[in-house]
Asks: 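Starting off with a structure, shown below.
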Protein chains: 2
Amino acid sequence: MTHNRLDYVALMHERGFRVTPQRQLILDAIGEGGGHTTFEEVFGRVQRKSSAVNRATVYRTLDFLVELRLVVAADVGGGRLVYEIAGETPHHHLVCLNCRTVRQISHEAVAQLFTQIEQEQKFHVETNHLALFGYCEDCLPKMTFHNHAHELEHAHAHAL
Amino acid sequence: MTHNRLDYVALMHERGFRVTPQRQLILDAIGEGGGHTTFEEVFGRVQRKSSAVNRATVYRTLDFLVELRLVVAADVGGGRLVYEIAGETPHHHLVCLNCRTVRQISHEAVAQLFTQIEQEQKFHVETNHLALFGYCEDCLPKMTFHNHAHELEHAHAHAL
DNA sequence: CTACATGCAAAGAGTTTGCATCCGC
DNA sequence: GCGGATGCAAACTCTTTGCATGTAG
């Protein structure tokens, strides 16, 4: 990763911000996420190491780190952001609509589409945060009959 | 659109559900969205016609219509779903990360990428709900400065 | 020592739920 | 009339904010 301890300490000092234990814990917790981490995961990891850290601090610190561009917040759907240490090679997300697991794919796999859309649609696709929704290998079998809209009775029995 | 009045009335009756004025109003309100409509837009339109309709009813009815597959809920980021009348030709969404406007693009434009990912990643991309995040023609100029700052700090450059 | 950062609790936004009433069929 | 649908209000979840206290530099 491009940001080691010296990097962020220097960056924060340069800008007149303080390097607090909470900020370091939270940065570490994001790094443990292997690419993408939800708020709850970060909060959980931080609490395990120091249970005194407050939710509000984690919210504020995540915003702060994103603003400093040490961290990137990616919208992969599900109404929740995922956080990643910035500066990694561009990659994208395959999000399973069923089990919500998020897998990464390389930039090369989609680069061509980006170029094409850029030209044809005059729309600049953000290269770091593409989210493709669909069904993963495990969930696809379960979902195939879904397309035929047959299991509704079952679903609806508890829904309404 | 594939679902006219007869369609959905028949469908609901078939399944033992009732056709209420609220459900018809809400279905109409989604149809007025020209492709994608947020909850608040639906609620607003419904209230203008019948101010007695409750928020909870709109929430419940949207879920109900999605479950009946008369309506499709698409996650285009921003933490909020957009609703569309089902059965339209497959299309996708270009979502501007700055102004949040959502534009549609045809399926053809991205079909090849889907096939490729399907084969290489063993992941089935949901053909109706692809959301591509980026910046639209209007917002891109405003964001270039922003991106530049980003790149300076993090050697993050990856031009398109 | 002086701001900036944190903890705490309360307030907000958005959504869901329990229950009595209503009304489609 | 029966059972599903609605309205209402309360409960819930997630996030933000005001303010007093703590602490990095």
Side-chain angles (χ1 to χ4, degrees), chain A residues 5-6 8-27 29 37-44 46-47 49-68 70 73 75-83 100 152-160, chain B residues 5-6 8-27 29 37-44 46-47 49-68 70-71 73 75-83 100:
Chain A
R5 193 182 127 67
L6 278 181
Y8 74 77
V9 169
L11 180 61
M12 290 183 192
H13 284 169
E14 254 170 48
R15 310 255 175 132
F17 300 119
R18 296 177 184 169
V19 178
T20 66
Q22 287 91 334
R23 284 175 177 174
Q24 303 191 50
L25 278 170
I26 291 166
L27 210 36
T37 314
T38 64
F39 168 85
E40 286 303 328
E41 289 167 350
V42 171
F43 183 62
V46 168
Q47 282 240 314
K49 294 187 181 168
S50 171
S51 54
V53 178
N54 195 270
R55 288 187 99 81
T57 300
V58 178
Y59 278 114
R60 282 189 283 226
T61 302
L62 286 172
D63 287 349
F64 166 76
L65 294 172
V66 168
E67 194 124 3
L68 268 188
L70 288 169
D75 190 335
V76 295
R80 218 125 287 161
L81 296 172
V82 298
Y83 298 90
R100 276 288 159 201
L152 181 60
E153 303 81 354
H154 164 260
H156 206 258
H158 353 73
L160 281 180
Chain B
R5 195 183 127 66
L6 278 181
Y8 75 75
V9 169
L11 180 60
M12 290 184 192
H13 283 170
E14 253 171 48
R15 310 262 174 130
F17 300 120
R18 295 179 184 168
V19 179
T20 66
Q22 288 91 333
R23 284 176 177 174
Q24 304 190 52
L25 279 170
I26 291 166
L27 211 34
T37 315
T38 63
F39 168 85
E40 286 302 329
E41 289 168 350
V42 171
F43 183 61
V46 168
Q47 283 239 315
K49 292 186 181 167
S50 171
S51 55
V53 178
N54 195 272
R55 289 186 98 80
T57 300
V58 178
Y59 278 114
R60 283 188 284 227
T61 302
L62 286 172
D63 287 349
F64 167 76
L65 293 173
V66 168
E67 226 151 324
L68 268 188
L70 287 169
V71 166
D75 189 335
V76 294
R80 220 125 285 161
L81 296 173
V82 297
Y83 299 90
R100 277 288 159 202

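Remember, predicted model here, so these are calculated numbers, not experimental data. Each chain gets a letter, A, B and so on, in the order its sequence line appears, and its residues count up from 1.
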Asks: What are the two closest non-hydrogen atoms of B:Gly78 and A:Asp75, and how far apart are they?
Replies: N-OD2, 2.7 Å

Asks: Relative to the 5' end of DNA chain D, which residue comes earlier, B:Gly16 or B:Ala52, by the nucleotide with the nearest heavy atom?
Replies: B:Gly16

Asks: Tell me whether the rings of B:Tyr59 and B:Phe39 are parallel (<30°), tilted (30 to 60°) or perpendicular (>60°).
Replies: parallel

Asks: If I take atom CG in residue A:Leu81 and atom C1' in nucleotide D:dC14, what distance separates them, rounded to the nearest angstrom?
Replies: 12 Å

Asks: Taking atom P of D:dA24 as reference, at what distance in whole Å does atom CZ of A:Phe17 sit?
Replies: 17 Å

Asks: Quick check on DNA chain C: between B:Phe39 and A:Thr20, whose nearest nucleotide comes earlier from the 5' end?
Replies: A:Thr20

Asks: As a quick check of understanding, evaluate side chain to side chain contact (heavy atoms under 4.5 Å, CB included) for A:Arg23 and A:Leu27, giving each step before the final call.
Replies: CA-CA 6 Å; A:Arg23 284 175 177 174; A:Leu27 210 36; over 6 Å; no

Asks: Take atom CZ of A:Arg15 and atom C1' of D:dG25, then tell me their distance rounded to the nearest Å.
Replies: 18 Å

Asks: B:Leu25 CG to D:dA5 P: how many Å, rounded?
Replies: 16 Å

Asks: Toward the 5' end of DNA chain C, which comes first, A:Phe64 or B:Arg18, by nearest nucleotide?
Replies: A:Phe64

Asks: Please list, in 5' to 3' order, the outermost nucleotides of DNA chain C lying under 4.0 Å from any heavy atom of chain B.
Replies: C:dG14 to C:dC25

Asks: Whole-Å distance between D:dG7 P and B:Tyr59 OH?
Replies: 15 Å

Asks: Determine: side-chain N/O of B:Gln22 to OP1/OP2 of D:dG7, distance under 4.0 Å, yes or no.
Replies: yes

Asks: What's the CZ-P distance between B:Arg55 and D:dC12, to the nearest Å?
Replies: 20 Å

Asks: Any idea which heavy atoms bring B:Val53 and B:Phe43 closest together, and the distance?
Replies: O-CE1, 3.7 Å

Asks: What nucleic acid atoms does A:Arg60 come within less than 4.0 Å of, heavy atoms only: base, sugar-phosphate, or nothing?
Replies: base

Asks: If I take atom CZ from residue A:Arg60 and atom CD1 from residue A:Ile26, how far apart are they, to the nearest 0.5 angstrom?
Replies: 10.5 Å

Asks: Between B:Leu65 and B:Met12, is the side chain to side chain contact (heavy atoms under 4.5 Å, CB included) condition met? List the steps.
Replies: CA-CA 10 Å; B:Leu65 293 173; B:Met12 290 184 192; 3.8 Å; yes

Asks: Could you give the NE2-to-P distance, from B:His13 to D:dA5, as a whole number of Å?
Replies: 11 Å

Asks: For B:Glu41, enumerate each residue passing the salt bridge (Lys or Arg N to Asp or Glu O under 4.0 Å) test, keeping only those at least two apart in sequence or located in another chain.
Replies: none

Asks: Round to a whole Å and report the spacing from CZ of B:Arg80 to P of D:dT13.
Replies: 18 Å

Asks: Could you work out which one of D:dC14, D:dG25, D:dT6 sits closest to the side chain of A:Val19?
Replies: D:dG25

